[in-house]
Amino acid sequence: MKFDTATDLDRAPHGSSDDPDLLDFSANTNPEVPEGVEAVYREAFADARSYPAEPPAAFREAAGEYVGCDPESVVPTPGGLAAIRAAVALAVDPGDTALVPAPSFGEYAREVRLQGGEPAFVSAEAVLDADPRGHALAVVCDPNNPTGTGYDRAALERFAARCREADTRLLVDEAFLGFTDRPSLAGTEGVVVARSLTKLFGLPGIRTGFAVATGAFGAALSSARRPWNLSVSALATGAYCMRRDGFIRETRERVRSERARMREALAERYAVATSDAPFLLLDVGEAGRSVESVVAAARERGVAIRDATTFRGLDSHVRVAVRRPAENDRLLAALGVGDETAAGTGSAGATTDTETADGTTTDPEGDDV
């Protein structure tokens, strides 16, 4: 990472609203958290007067079970973005190029540039058909953010094989894969998987995630990891959450059914992309409206949605999260496709019983993460 590059490179824009009067659909974080997680977090305080276990074996064991890989291949990180940075830093040298999907999470290109590399953008829809030869790194976001595109497992494996043949490291960001029942690519030779516990478990502020890599690259990634890089509380809550099978199943079913319901309603007025993720991408231009007017109108009704024009290649799109049913009704009304009375006129924090202490959550890493 070069001083001049770090100084001159702008930060990537992200979703999330910190306005307590708005119901936040701009971030993709689960509005629910696993039952009992607060008690685990508090109990971990008793161990906080000592350094965290090093290496954090219990966390690695839970992560290995969670994604179906050897725990020795797990590299704990403070969030998914930290896993992405660690992988890019090892794979990309100054002057290298990296295949980066677009539209997709803006931090991929930024991390490549921070290492002195140059992103070679390719359509997110066609990224698995791209030629990885000559690139130090290729990136896939599965499901992709903000489009929601989920990739066929066999196609992913074929792309991973082509990357191995080309001596190109493949980074697969699985930040939203936990919302699906599809298996992880963790443990696949030549592949680095980045996972975040931010989204599925609704805990963006705890900063817990991990990378998975095998072979020499995995050993280098593990060696480069700073000791004690996750707090005692982050390790304890992370391990606890990854074993909440019932919570995961319930979340997947709620997101699946609500996403289908929302997509059907929104398609009456907007062009809506097919999604395997806990969000939907809407082209509001086809409805003859500007992004600014749609975002502003939703805000007037107490709802924050994501202006998706900050993603490369999108100029008439917004992105909306999938939340609880009653909250989703408010979004639909705010976008002019639901029961107009559901949008309400008061603040988001005072309109429904579902907005409790678990409440609306914000995500400092926004899109990835």
Side-chain angles (χ1 to χ4, degrees), residues 67-70 73-75 80 83-113 115-178 180-196 210-222 274 276-277 311-313 368:
V67 297
C69 74
D70 184 344
S73 300
V74 173
V75 181
I84 292 167
R85 168 166 289 190
V88 174
L90 282 180
V92 176
D93 291 324
D96 285 344
T97 59
L99 275 176
V100 175
S104 197
F105 184 42
E107 293 291 350
Y108 306 139
R110 187 173 187 272
E111 290 297 329
V112 169
R113 291 184 173 116
Q115 299 306 323
E118 186 62 29
F121 291 104
V122 61
S123 167
E125 297 293 327
V127 63
L128 299 188
D129 297 321
D131 186 354
R133 289 178 297 181
H135 299 290
L137 178 72
V139 181
V140 175
C141 181
D142 182 32
N144 186 54
N145 177 27
T147 62
T149 304
Y151 298 100
D152 176 73
R153 172 72 180 210
L156 267 172
E157 291 176 342
R158 288 193 296 270
F159 185 61
R162 298 208 315 275
C163 287
R164 286 194 297 272
E165 293 171 1
D167 197 26
T168 299
R169 189 64 49 186
L170 174 58
L171 170 61
V172 181
D173 181 3
E174 295 181 349
F176 298 105
L177 193 67
T180 78
D181 56 8
R182 293 190 290 114
S184 171
L185 219 60
T188 302
E189 180 185 355
V191 175
V192 183
V193 161
R195 296 290 293 231
S196 167
F210 57 94
V212 179
T214 63
F217 195 89
L221 201 62
S222 181
T274 302
D276 288 333
F311 290 93
R312 186 181 184 91
D368 158 55

Measure the [atom1]-[atom2] distance between [X] and [Y] for me, rounded to the nearest 0.5 Å.
X: D70; Y: T214; atom1: CG; atom2: OG1; answer: 10.0 Å
X: C163; Y: L99; atom1: SG; atom2: CG; answer: 7.5 Å
X: Y108; Y: L137; atom1: OH; atom2: CG; answer: 11.0 Å

Under the side chain to side chain contact (heavy atoms under 4.5 Å, CB included) criterion, do R169 and V191 qualify, and how do the steps go?
-> CA-CA 6 Å; R169 189 64 49 186; V191 175; over 6 Å; no

Ignoring hydrogens, what is the shortest heavy-atom contact between [X] and [Y]? Give both atom names and the distance.
X: S104; Y: C141; answer: OG-CB, 3.7 Å
X: V112; Y: A98; answer: CG2-CB, 3.8 Å
X: L177; Y: P143; answer: N-CD, 3.6 Å
X: V212; Y: G187; answer: CG1-N, 3.7 Å
X: A102; Y: F121; answer: CB-CD2, 3.9 Å
X: Y151; Y: A124; answer: OH-O, 2.5 Å

Between [X] (side chain) and [Y] (backbone), is there a donor-acceptor pair under 3.5 Å?
X: R162; Y: A130; answer: yes
X: R164; Y: E189; answer: yes
X: T168; Y: P132; answer: yes
X: S222; Y: A219; answer: no
X: N144; Y: P103; answer: yes
X: E174; Y: S184; answer: no

According to the salt bridge (Lys or Arg N to Asp or Glu O under 4.0 Å) rule, which pairs have a member within residues 132-148, sequence neighbours left out?
-> D131-R133, D142-R182

Tell me, do [X] and [Y] make a side-chain contact under 4.5 Å, heavy atoms counted?
X: P183; Y: R153; value: yes
X: V88; Y: L171; value: yes
X: R85; Y: R110; value: yes
X: V67; Y: F210; value: yes

Report the C-alpha separation of L221 and L90 in whole Å, then their side-chain angles, then the decisive distance to 0.1 Å, and conclude whether the side chain to side chain contact (heavy atoms under 4.5 Å, CB included) test is met.
-> CA-CA 7 Å; L221 201 62; L90 282 180; 3.6 Å; yes

Going by the side chain to side chain donor-acceptor pair (under 3.5 Å) test, which pairs reach into residues 89-100, not counting sequence neighbours?
-> T97-H135

Hey, mind stepping through L128 and V140 against side chain to side chain contact (heavy atoms under 4.5 Å, CB included) and telling me if it holds?
-> CA-CA 8 Å; L128 299 188; V140 175; 3.9 Å; yes

Given D173 and I84, is the side chain to side chain contact (heavy atoms under 4.5 Å, CB included) satisfied, shown in steps?
-> CA-CA 8 Å; D173 181 3; I84 292 167; 3.7 Å; yes

Taking atom CD of E157 as the centre, does the number of heavy atoms from other residues, nucleotides or ligands within less than 6.0 Å exceed 12?
-> yes

